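Shown next, in C-alpha cells, is the structure this report addresses.
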Amino acid sequence: MTAPRPLLLALAVLLGGPNLASAQSADVVRPGSPALRGKAPAVGSDTTDDFVLEGGARRPGGGTIRSIGRVSLRGEPAYVIDTRTWGAGGDTTVTSMTIRGTDLSLLSQRLHARTDSASLIVVQDRLTAWSVLPGASPVLLDLTLDHPVFGIESQLPWLLPLLPFHEGYRAAVPHFSPWTGGEKWDSITVVGSEPVTVNGRTFDCWKLDTGHVGPPGYRMYRWVDQRTRRILQSVLRGAAPGTEYWSVRRP
C-alpha cells in the first residue's frame, strides 16, 4: 500500500516540517523494524483509571482494562489484545486485535463503540475492512498492502513500551486507519527523565511527548517506567490553566 500524499505531508509536519535532516533523525517504526527485533508485548492485564482536572477540581473520567495473551494460529505464534474502555458518560469501546508474533503486524481487529465500529482482516498482503462513523454510510475497503501494518490501536499503549527509549529518542509510527483507508502517523519524542509518584510509590520514568491529540492545542504526554517499561501515567494537556485529562495505572 503506497501512502497517499496527504499522509506523507502529515509525517513531515509531525517530524518538524519539511526539514529532511529532521525527518531522517527519527526512527521510523513499522512491523519488523530493527527497533522491535526480538521484542514482544507483555502478557497480562492492566487497568487504568481516568479523571479530569478542571478549575482545581477532580472528577472521575472512566477507565481502561487491557489484556494481552499468547495464542497459536495455524502453528504460528500470535498475540490477542483485548481492550475495554469506558467513559464517565457511559459510552464503552470494546476492541479485540490479533497480531503476528514474528513482526507484530495486524492479522485481524474488531472495534465497537456506541457511535462507531470497524472490522479489519489481513490475509497475506490483502486487507479487507469496513467501518461506520456517525451519520455516514459504511466504508468498505479491499486493498493490496505493500508492507505489513499496525492496527487501529497503533503504538499506544501496547507497542510504545517496546521502543528503545533514551535521551533525545524520536520515532514516527504509522498505523492503519479504516476510516481514511490509509496510514496515520504518530510522533513520539523522549523529552527527558522524570520521577513520577503513582499510588504512593515513586518511579524513574521516561517522559514522552506523543503529539497533538484531541482539541486544538492539546498534546499527550506519557510516563514510562524505565525499569518495567510500563506506562504509569498519561496526561492530555493544553495551555494552562485549561482542563487536563489524566490516566493512571492501578497497582
Side-chain angles (χ1 to χ4, degrees), residues 1-15 28-31 41 50 61-62 64-66 79-87 89-100 103-160 171-188 210-220 222 234 236 238 245 247:
M1 177 188 63
T2 301
R5 182 171 178 79
L7 292 172
L8 299 179
L9 294 176
L11 173 60
V13 171
L14 287 172
L15 296 177
V28 177
V29 180
R30 293 186 180 277
D50 300 343
T64 298
I65 298 175
R66 177 171 291 100
Y79 293 88
V80 174
I81 304 172
D82 292 324
T83 307
R84 186 170 75 91
T85 300
W86 62 95
D91 188 17
T92 299
T93 299
V94 178
T95 302
S96 183
M97 177 167 56
T98 303
I99 60 175
R100 184 177 284 109
D103 64 1
L104 310 183
S105 63
L106 177 68
L107 292 173
S108 66
Q109 185 170 8
R110 293 182 65 86
L111 177 150
H112 181 72
R114 182 170 61 185
T115 58
D116 58 343
S117 58
S119 177
L120 301 85
I121 297 176
V122 177
V123 178
Q124 294 181 341
D125 63 349
R126 198 75 179 173
L127 181 145
T128 57
W130 58 260
S131 61
V132 180
L133 288 174
S137 299
V139 175
L140 305 177
L141 299 173
D142 186 10
L143 304 173
T144 299
L145 303 174
D146 57 20
H147 56 259
V149 297
F150 292 125
I152 299 171
E153 204 175 13
S154 69
Q155 92 280 16
L156 304 174
W158 69 269
L159 177 61
L160 188 146
V173 182
H175 62 96
F176 189 82
S177 169
W179 293 280
T180 65
E183 288 182 317
K184 176 182 176 183
W185 290 83
D186 294 303
S187 66
I188 302 166
T210 56
H212 295 285
V213 180
Y218 273 76
R219 301 187 73 86
M220 178 67 80
R222 298 183 185 262
S234 303
L236 182 59
Y245 303 88
S247 179

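What you see is a predicted model; the values in this text were computed from it and never measured.
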* Asked: Roughly how far, to the nearest 0.5 Å, is NE2 of His112 from OG1 of Thr92?
  -> 9.5 Å

* Report yes if some heavy atom in the side chain of Ile188 is under 4.5 Å from a heavy atom in the side chain of Val29; otherwise report no. => no

* Structure fact -> One should read off an interatomic distance between Trp158 CH2 and Ile99 CD1, to the nearest 0.5 angstrom, of 3.5 Å

* To do: Not counting sequence neighbours, which residues clear side-chain contact (heavy atoms from CB on, under 4.5 Å) with Asp125? List them please.
  => Thr144

* Carefully, step by step, assess Asp116 and Ser131 under the rule side chain to side chain contact (heavy atoms under 4.5 Å, CB included). => CA-CA 8 Å; Asp116 58 343; Ser131 61; over 6 Å; no

* Asked: Between Tyr245 and Tyr218, what is the ring plane arrangement, given parallel below 30°, perpendicular above 60°, and tilted in between?
  -> tilted

* For the atom pair NE2 (His212) and CG (Leu236), what is the distance rounded to the nearest 0.5 Å? -> 11.5 Å

* Asked: With sequence neighbours excluded, what pairs up with Arg110 under the salt bridge (charged side-chain N to carboxylate O under 4.0 Å, His left out) test?
  -> none

* Structure fact -> Note: Leu143 and Gly181 closest approach over all heavy atoms is CD1-O, 3.8 Å

* To do: Consider only side-chain N and O atoms of Asp50 and Ser247, and report whether a donor and an acceptor are under 3.5 Å apart.
  => yes

* Compare every heavy atom of Phe150 with every heavy atom of Pro31, then report the nearest pair and how far apart it is. => N-CZ, 3.4 Å

* To do: Quick one: do Val122 and Phe176 satisfy side chain to side chain contact (heavy atoms under 4.5 Å, CB included)? Show the steps, please.
  => CA-CA 11 Å; Val122 177; Phe176 189 82; over 6 Å; no

* For Arg84, what residues pass the salt bridge (charged side-chain N to carboxylate O under 4.0 Å, His left out) criterion, not counting sequence neighbours? -> none

* Are any of the side-chain heavy atoms of Val139 and Pro178 separated by less than 4.5 Å? -> no

* To do: Find the distance between CG (Leu120) and CH2 (Trp130) and round it off to the nearest 0.5 Å.
  => 9.5 Å

* Is there a side-chain contact between Asp186 and Thr210, using heavy atoms and a 4.5 Å cut-off? -> no

* With the side chain counted from C-beta on, respond yes when Ile152 and Thr95 share a heavy-atom pair under 4.5 Å apart, and no when they do not. => no

* Please tell me if the side chains of Arg30 and Pro148 come closer than 4.5 Å, counting only heavy atoms from C-beta onward. => no

* Mind checking the NE2-CG spacing from His147 to Asp103? Nearest 0.5 Å is all I need. => 11.5 Å

* Structure fact -> Here the gap from Arg114 atom CZ to Asp91 atom CG, rounded to the nearest 0.5 Å, amounts to 4.0 Å

* Are any non-hydrogen side-chain atoms of Arg126 and Asp142 less than 4.5 angstrom apart? -> yes

